[in-house]
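Report on the structure given below.
Residues take their numbers from the sequence shown, with the count starting at 1.
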Amino acid sequence: NCRRKQFKWIFLKERRLKGMLVVENTKENKIVRNVVSTMALEEMYLDEDFINELLKVSKGEKTTEQLIEEIKHEYGRQ
């Protein structure tokens, strides 16, 4: 009975604690974590909703094309 370890992501915005997201410690989630970290280093912070959308892509629940179309629709670029 092997349980997957969980890890916590801490997101900082405007130099204060903004929120915490707990996800399973999988290869796909680590890739998303690296993307979020890289964006934060460039001072481009992703909100929790968008991170959850990236996690859906990593799980195969949604394609990158679907996510791109949703973003275009949300910001009126179609």
Side-chain angles (χ1 to χ4, degrees):
N1 226 337
C2 184
R3 297 179 107 187
R4 291 183 186 252
K5 293 182 181 178
Q6 293 185 338
F7 59 87
K8 297 176 184 177
W9 294 350
I10 298 175
F11 304 100
L12 301 174
K13 190 170 184 178
E14 299 170 6
R15 295 185 184 168
R16 60 185 177 183
L17 185 63
K18 189 67 177 174
M20 191 178 320
L21 182 64
V22 179
V23 297
E24 286 183 296
N25 191 16
T26 64
K27 180 180 178 182
E28 293 81 11
N29 290 347
K30 286 180 182 179
I31 293 169
V32 174
R33 181 192 62 196
N34 290 342
V35 169
V36 171
S37 300
T38 301
M39 297 294 286
L41 285 172
E42 296 297 326
E43 295 187 15
M44 295 185 283
Y45 301 98
L46 305 177
D47 65 13
E48 190 171 336
D49 291 335
F50 188 73
I51 294 167
N52 284 324
E53 294 301 315
L54 290 176
L55 290 169
K56 287 179 186 176
V57 171
S58 74
K59 293 177 187 175
E61 297 173 6
K62 176 182 286 195
T63 67
T64 54
E65 290 80 15
Q66 288 172 319
L67 181 57
I68 291 168
E69 288 304 314
E70 289 174 10
I71 293 168
K72 286 180 180 178
H73 181 72
E74 182 177 344
Y75 293 99
R77 293 186 178 182
Q78 283 204 339

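- Follow the hydrophobic side-chain contacts under 4.5 Å out from Ile31 and you never reach Met39; the two are in separate clusters.
- Both Val57 and Met44 are members of a single hydrophobic cluster when ILVMFWY side chains are connected at heavy-atom separations under 4.5 Å.
- Separation of atoms CG (Leu67) and CZ (Phe50) is listed at 5.0 Å; rounding is to 0.5 Å.
- How far CG of Leu54 is from NZ of Lys56: 11.0 Å, rounded to the nearest 0.5 Å.
- Distance CG/Leu55 to NZ/Lys62: 11.0 Å, rounded to 0.5 Å.
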Stepwise, does the side-chain contact (heavy atoms from CB on, under 4.5 Å) test hold for Glu48 with Asn52?
-> CA-CA 6 Å; Glu48 190 171 336; Asn52 284 324; 3.8 Å; yes
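- Contacts of Lys59 classified as side chain to side chain donor-acceptor pair (under 3.5 Å), with partners at least two apart in sequence or in another chain: none.
- Listed by chain and number, the residues in a side chain to side chain contact (heavy atoms under 4.5 Å, CB included) with Thr63 are Glu65, Gln66 (sequence neighbours excluded).
- Taking CG of Leu46 as the start and OG1 of Thr38 as the end, the distance is 10.0 Å to the nearest 0.5 Å.
- Rounding to the nearest 0.5 Å places CG of Asn29 at 11.0 Å from CG of Asn34.
- Applying the side chain to side chain contact (heavy atoms under 4.5 Å, CB included) test to Ile68 and every residue at least two apart in sequence or in another chain returns Lys72.
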